[in-house]
Amino acid sequence: MAIKLANKKEKKRFLKTLYERSRENRHPHSIMFELTYKCNFCCPHCYLPGGHQAKKELSTKQVFSILDQLRQMGVYHIGFTGGEALLRKDIFEILGYASCSGFRVGLLTNGYLIDEKAASKLKKIGVDRVDITFNAMSPKIFDTLTGVKGSFDKVKKAVHFLKKKKVDFVLKSTTMNINKEEIPLVSKFARELGVIYTIDGEILPCRDHNEQWVEQFSIAAEEHERLRRIVHPEMFTGNRPASKSHKVRGKMFNCGVGVNSFSITPYGQMNFCLEIGYPKHDILKEGVRSCWEKIKKEVDAMNRRKDFVCKDCDLFELCGWCPGRSYIEGNGFNACSEFFKHRAEERKAKERRKKWLKEKF
Amino acid sequence: MVKGEVLKKSSKIASREIEGEVILMPLYKSADDLSYIYTLNETAARFWELVDGKRSINEIKGILLEEFDVKEDKLDAQVKELLKDLKGIKAVG
């Protein structure tokens, strides 16, 4: 009968069990909630097409109602994002409500609006993790990437305020040709702060299918790999076996979409995930549970498709393809993505080289 | 343990039922507290459910004796232990 104190190891195991059960039962476990499309930065590589309709945005009361429904459905974690979520006047009210409702709460922000007072509030509310996008240590490059003069100084200060107030936070960068030399420096900064730092090599096409920036800013997979080795050297020590693909051949969606995750827009629509503006089910009209059931059915139907484009592809196991990426490239869900195909071919060539060297020596 | 004592759930704890597990999450803000969550077994979860700021501990025990196959002295000991834990994490006042 006694209450069990979950120490770090026990907690990890317990949370893994909850996560696995949510997958088996197809209950939403971790979801993303966009609170506004308004943003104070103007990052050229952003996947959002810009422009927001303030009048259509969910009111505080509507957000609370959705949170109540998510709680009833057993959602464990919510990541709040935008646009820039901190631009909402009721943001601390929303975060506080979510935290008091027993969700694990994450906040994805550019950090520009985090001063000492805001950092204190985040601590007091009990936000579990703040993700800050930090793309360069050079003020000039940083400001170029945000489109806002002085943004580097503001965000760097925000990082120190979070540290001072003991708010759990991580730094994140997208690796691009404009900041690739900056990545090791941001990594060093994060290590000095003692915080987690992650890098992402994928620049998403815009939701309006505009791919202009992908070509302009993307770096080669090998270059990203080189940066990963600098940022996470511990991952490349010793003879680690190559990670195995867990993808099921013939199945279109191999992620959490339709299994235990979805995303919500500032206008109260439910989508497959953050990157895709689809299928936009109306939560205000139909309720969260009903929209979720619809999404599950849609994903099931897609997973049963007999004409699945990757079904017989020999790159399948090596390819990071996701149907959402094809969708935002403007080709629908069931289409090959040149971006991922190219990366998979690079990976295949690398494996072939490795095998040849092993046989030769 | 005062048997006539009436327990009230603390506003500093959020309780959730997720995937069949009843879990308690502290909302008070020291760095360590936030990293913990607490799980309740079936009987403890029912005890927690019955804590409403009106029922006495004795009344709750009476309900548990009816609902679960457990002897009174064993339940007494378990409730004592549970209360110690709940008070320890400031879940009840």
Side-chain angles (χ1 to χ4, degrees), chain A residues 1-30 67-68 70-78 95-105 119-129 163 165-169 260, chain B residues 9-48 50-51 60-61 64-65 67-71 74-92:
Chain A
M1 181 157 185
I3 197 166
K4 278 191 279 180
L5 174 74
N7 64 33
K8 215 173 174 182
K9 207 173 161 187
E10 282 174 338
K11 184 184 164 189
K12 207 175 164 187
R13 198 167 44 222
F14 178 70
L15 294 180
K16 198 179 165 205
T17 307
L18 289 189
Y19 177 80
E20 281 165 358
R21 276 191 214 160
S22 75
R23 280 191 74 90
E24 279 166 28
N25 300 326
R26 294 184 75 180
H27 293 155
H29 181 81
S30 180
L67 292 177
D68 290 344
L70 294 171
R71 184 186 147 90
Q72 275 173 8
M73 290 171 73
V75 169
Y76 176 72
H77 169 266
I78 304 178
L95 295 174
Y97 191 86
S99 179
C100 286
S101 300
F103 293 108
R104 281 300 183 228
V105 175
S120 291
K121 278 186 188 173
L122 293 170
K123 180 68 190 172
K124 197 177 165 201
I125 285 167
V127 169
D128 294 279
R129 198 175 103 166
K163 179 82 182 163
K165 299 293 173 188
K166 294 181 178 164
V167 178
D168 202 358
F169 69 99
N260 64 352
Chain B
K9 285 175 187 166
S10 163
S11 58
K12 290 174 179 172
I13 282 275
S15 60
R16 302 282 318 274
E17 192 179 335
I18 301 177
E19 299 302 330
E21 299 283 346
V22 175
I23 58 180
L24 303 182
M25 294 163 154
L27 302 174
Y28 43 97
K29 306 306 168 207
S30 81
D32 283 350
D33 294 329
L34 270 181
S35 61
Y36 292 125
I37 56 172
Y38 306 86
T39 65
L40 303 182
N41 71 10
E42 199 188 347
T43 336
R46 181 65 178 138
F47 183 95
W48 177 254
L50 291 166
V51 172
I60 296 177
K61 271 173 52 190
L64 293 179
L65 280 170
E67 292 181 358
F68 293 90
D69 184 19
V70 59
K71 285 189 177 162
K74 202 177 170 193
L75 182 70
D76 260 343
Q78 287 178 338
V79 167
K80 198 175 166 189
E81 194 189 338
L82 177 66
L83 279 175
K84 194 180 151 203
D85 288 335
L86 288 175
K87 286 181 177 171
I89 61 164
K90 299 169 194 159
V92 288

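Computed from heavy atoms alone, side chains included, the values below leave out hydrogens, waters and symmetry copies. To find a chain, count down the sequence lines: A is the first, B the second, and so on, and within it residues start at 1.
With a 4.5 Å cut-off on non-hydrogen atoms, V75(A) touches chain B through its backbone but not through its side chain. Only the backbone of S101(A) comes within contact range of chain B, with heavy atoms under 4.5 Å apart.
For K165(A), the salt bridge (Lys or Arg N to Asp or Glu O under 4.0 Å) criterion is met by E116(A), not counting sequence neighbours. For E17(B), the salt bridge (Lys or Arg N to Asp or Glu O under 4.0 Å) criterion is met by no residue, not counting sequence neighbours.
In this structure, N25(A) and E19(B) approach most closely via the heavy-atom pair ND2-OE1, 2.8 Å. Nearest heavy-atom pair across E21(B) and L18(A) is CG-CD2, 3.8 Å. When all heavy atoms of C100(A) and A14(B) are compared, the pair lying nearest together is O-CB, 3.6 Å.
Note that the OG1 atom of T17(A) and the CD1 atom of I18(B) stand 13.0 Å from one another [nearest 0.5 Å].
You'll find the side chain of M25(B) reaches within 4.5 Å of the side chain of R104(A), heavy atoms only.
Checked by atom type and distance alone, the side chain of R71(A) never pairs as donor or acceptor with a backbone atom of R16(B) at under 3.5 Å.
Counted within 6.0 Å of CD on E42(B), heavy atoms from surrounding residues, nucleotides or ligands total 12 or fewer; the atom is thus considered open.
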